[in-house]
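For reference, the structure is listed below as structure tokens.
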Amino acid sequence: MHALSAPTYEDVVDAAQRIEGIAHRTPVLTSTTANERTGASLFFKCENFQRMGAFKFRGAYNAISHFDAEQRTAGVLTYSSGNHAQAIALSARLAGIHATIVMPHDAPAAKVAATKGYGGEVITYDRYTENREDIGRRLAQERGMTLIPPYDHPHVIAGQGTAVKELIDEMGPLDFLFVCLGGGGLLAGSALSAAALSPQCRVIGVEPEAGNDGQQSLAKGEIVHIDVPHTIADGAASTHLGNYNFPIIKRNVAQIVTVSDAQLIDTMKFFAQRMKIVVEPTGCLAAAALLEKVVPVEGKRVGVLISGGNVDLQRLGEFLR
Ligand SMILES: *Cc1c(COP(=O)(O)O)cnc(C)c1O
């Protein structure tokens, strides 16, 4: 397949039309307590209420909506043990096409079950001896399926950008935007929307302390690879930014900051107790940087991405105890 060109804000607008009426237009919540704690006006864009529980549905559905007849017949393939797997499985079912998901053989049973529940075919591999990207490429080639990776893809980035488009369309211009950062699909898409709709807005990416490859990459001016980080933010345990993502982040993101796992747990508690919402650890990254005052924002209008709410009940109980 030919290489796709870098995504632009026009692609975000196109994605917004493709997902309209299919993805949820998620609510924007406010909290007097959060505002008092930060001295700012915070607007929380709640993608924990998105279909399948995270923003990833936006990018996955947008990518599949671009398939031609031949691609639709062969189906979609991806590798992921997390929210992208469920997003692809659900999007494929809605589009009436076959989805194959490559997952580690020791992936949490609940995640495998959720992916199968959406109709996805799960193929397992041994993550200690096999490489998921090699398996993905081989299967895609053998079966003629189209591989949609979790973040390094123009249609995925454009789809993820629709959440911040909705946020700014609804709330007006922002001074700051805080975004959870893994491989950079959400951050790159969000930055495209912010640059187009609120050009003065400072976009801040937030990573787990243990996996600050994005921060290192921005400082070095090139993509830095790290070992798989140990963090409770499993959705941001990526080892490097994507090739499509990095140039957009370099151009449009002011700063990348980090938060600790302890700060993520405090933020999960804040969401449960004060705002009555369930947010997964990764989904707390952006809010944690604000509530823990990693970046001062007094007197400012601040957008905050809550990226997802998929957390095992047992683990949630342990975190909140
Ligand atoms: C995937 C994911 C992220 C990170 O998104 P990237 O596009 O990889 O940067 C953040 N939060 C949640 C809940 C996710 O599922």
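All ligand and atom numbering here is 1-based and tracks the order in the structure. Since we're looking at a predicted model, the values are computed, not measured.
Annotation: salt bridge (Lys or Arg N to Asp or Glu O under 4.0 Å) contacts of K220 (sequence neighbours excluded): E222. Annotation: salt bridge (Lys or Arg N to Asp or Glu O under 4.0 Å) contacts of R202 (sequence neighbours excluded): none. Checked against salt bridge (Lys or Arg N to Asp or Glu O under 4.0 Å), R93 has no partners two or more places apart in sequence or in another chain.
Within a 6.0 Å sphere centred on NZ of K293, other residues, nucleotides and ligands contribute more than 12 heavy atoms. E142 CD: more than 12 foreign heavy atoms inside a 6.0 Å radius.
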Under 3.5 Å: N or O atoms of ligand 1 paired with protein N or O:
from, atom 1, to, atom 2, distance (Å)
ligand 1, 7 (O), G185, N, 2.9
ligand 1, 7 (O), L186, N, 3.0
ligand 1, 8 (O), G183, N, 2.9
ligand 1, 9 (O), G182, N, 2.8
ligand 1, 9 (O), G183, N, 3.2
ligand 1, 9 (O), G184, N, 2.8
ligand 1, 11 (N), S307, OG, 2.6
ligand 1, 15 (O), K56, NZ, 2.7
ligand 1, 15 (O), N83, ND2, 2.8

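Looking at every heavy atom in both residues, A188 comes nearest to I248 through O-CG2, 3.6 Å.
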